[in-house]
Amino acid sequence: MEYQITTERLSKQYKNFKAVDQVSLHIRKRSIYGFLGPNGAGKSTTMKMLLGLTPPSGGTFAIDGLHFPQDRIAILKRIGSFIESPSYYANLTGEENLEIIRRILNLPASAVSDALELVGLSEFKDRLARKYSLGMKQRLGLAGALLGRPPILILDEPTNGLDPAGIHEIRQLIRSLPQRYDCTVLISSHMLSEIELIADDIGILNHGRLLFEGRLDALRNTARTQGFDGDNLEAMFLAMIEQDNAKRRERAKL
Amino acid sequence: MKTLALEIKKVKRTGSLAVLPLAGGLGAAYALVNFLIRRDALLSLPLAPMDVLLTQLYGMILLINLFAIIVAACLIYNLEFKGQAIKKLWMLPFSVPKLFVTKFILLTLGLAAAIILENTALGWIGMTMLPQGSFQLPVLVQFAVYSFVTSLPVLALMLLAASRIETMGVTLGIGVAGFLTGMALGTSGLKVLLIDPFIVMLHPAVAMSAQPELLVMTAALLEATVCAAAGFLAAKMRAYE
């Protein structure tokens, strides 16, 4: 199996709080990996570590065999990312914002219009980013991640703030990316119903620990063997989280 | 050069690059108007004409420059924090510490432009309004360099503060507090106080002679280097959490 991103017992500790606890991920090349977990599970922290935004407290990870911090520039050259909320220059238009990223990445001028077109923002390219609605800012952030069609995409809850039509549109776009651009996508969400429609593989995180990793089909089979409806993964996911929370409470009592 | 061009594109519509040259224009206009109105009073002071020209007008010019430096430093970094643009930079193959250096270079060029404008006005006054034969161009150039060098520590310190503090009001507050300490302690004459960049900047304005002081120049260069290096190193260590 060819993995593009692997983590080995990756951990992040903030004083007494373990945000990520020995997480080992295996993300296949040209696949969509859905990173699932309730709010505060450690999804964003894991993604931030993969982008070198925060150093791990323990464990290692490799992206295309490269490591932080020594290969920072080489790694970031091949990753398009969107973490938490969109980042933009409020004083610049949507197009000018992408132009800054394009210049940093040394991409041809056509990359900007390509990305704007892809996220459906061409019509609003001349509007100042500070005047964008939340959904438009989200699209701008996505356009920034897609700029230059990078081989790896790390997207943290990219559909936040979008209306239902926008969610559907972006979901379709993300779904099509591995075939269209030959890329690998790591996408996080706290909604299994969303990940279920996009991902090939799935990792379920709760309180920093990885509860499940594997193909979506494997999760369905696990659900069936545990007496859940294989078509209702949401119930299985919630039960998994609740079970883990109960175990934690039990451990805390002891 | 690429980072510099990128930075110039980024500051569009913020006015951060225009602040210092505008302050230079304002300082030049102030010097011209002031000398036109108060020429006789100024020239009757018990000072050499060149000292009158360079020290008696410099007080207000310095204040204009000081506040322009504070505002420009705040504006040039505020654009990175507003909209969390700096977070994106950390995720790109881009050297964030270089950002500090580029902004420092841009503000230094702005300050140089301001000082050139102001000293061009002083030169014109010297050539046309000082008593015949008393204007000395080399003294003017020397004083211009002196005022430029003594302004650099405040520029580096304010940029360091602006790069670390996301709330622009706090950075502005630091600038105003620095100005007040400079005003309160600048005339004390205690050499140890030269450790304060604001006192160093105010020094040429409180001196009665236009002659540069070696100790002040050395302190200025040292402080500017320390603050700029601190800003660069701090930017190197800071990731986005």
Side-chain angles (χ1 to χ4, degrees), chain A residues 12 14 19 44-45 47-55 68-69 71-93 95-107 128-132 137 140-141 143-145 147-148 150 153-156, chain B residues 1-19 71-103 106-107 162-163 166-169 232-241:
Chain A
K12 179 72 189 182
Y14 295 104
S44 299
T45 309
M47 288 177 150
K48 283 179 187 173
M49 285 193 276
L50 294 178
L51 288 163
L53 296 179
T54 184
F68 269 102
D71 303 317
R72 177 180 174 264
I73 296 291
I75 289 174
L76 294 181
K77 263 185 188 165
R78 57 187 80 191
I79 299 181
S81 56
F82 176 88
I83 296 289
E84 288 173 340
S85 51
S87 314
Y88 56 90
Y89 286 101
N91 56 306
L92 301 181
T93 65
E95 190 179 31
E96 287 164 349
N97 264 284
L98 295 180
E99 186 61 25
I100 298 292
I101 302 172
R102 181 191 77 77
R103 282 171 182 263
I104 292 172
L105 294 170
N106 274 327
L107 296 170
L128 289 180
R130 69 164 170 261
K131 292 185 178 166
Y132 275 6
K137 283 176 187 163
L140 180 64
L147 207 68
L153 276 167
I154 295 183
L155 309 172
D156 188 13
Chain B
M1 273 319 278
K2 186 187 161 192
T3 322
L4 209 61
L6 200 70
E7 198 57 35
I8 291 168
K9 279 200 170 290
K10 271 162 50 179
V11 299
K12 203 170 170 182
R13 300 185 194 95
T14 62
S16 51
L17 291 189
V19 172
V71 171
C74 288
L75 287 177
I76 209 164
Y77 253 106
N78 184 245
L79 69 101
E80 303 291 348
F81 298 128
K82 214 174 173 185
Q84 297 187 309
I86 197 151
K87 188 175 89 176
K88 183 69 192 170
L89 291 183
W90 277 108
M91 291 184 247
L92 291 169
F94 178 81
S95 163
V96 178
K98 256 191 198 170
L99 190 73
F100 182 87
V101 178
T102 314
K103 287 180 191 292
L106 283 177
L107 290 192
S163 72
E166 293 189 22
T167 314
M168 192 163 73
F232 179 77
L233 291 174
K236 218 172 190 175
M237 285 186 283
R238 185 178 195 173
Y240 190 90
E241 294 264 345

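Lettering of chains follows the sequences in order, A, B, ..., and the numbering in each one begins at 1.
Under a 4.0 Å N-O distance rule, the pair R13(B)/E96(A) qualifies as a salt bridge.
In terms of heavy-atom pairs under 4.5 angstrom with chain B, the leader among I79(A), I154(A), T45(A), I101(A) is I101(A). The most heavy-atom pairs under 4.5 Å with chain B, out of I104(A), L51(A), L105(A), come from I104(A).
Both the backbone and the side chain of S85(A) come within contact range of chain B, with heavy atoms under 4.5 Å apart. With a 4.5 angstrom heavy-atom cutoff, R72(A) touches chain B only via side-chain atoms.
Within the cation-pi definition used here (under 6.0 Å to the ring centroid, within 45° of the axis), K12(A) qualifies as a partner of Y14(A). Relative to the ring axis of Y77(B), K103(B) places its NZ or CZ within 45° and under 6.0 Å from the centre.
A side-chain hydrogen bond (donor to acceptor under 3.5 Å, both in side chains) with Y89(A) holds for exactly one of E80(B), K12(B), K82(B), K88(B); it is E80(B).
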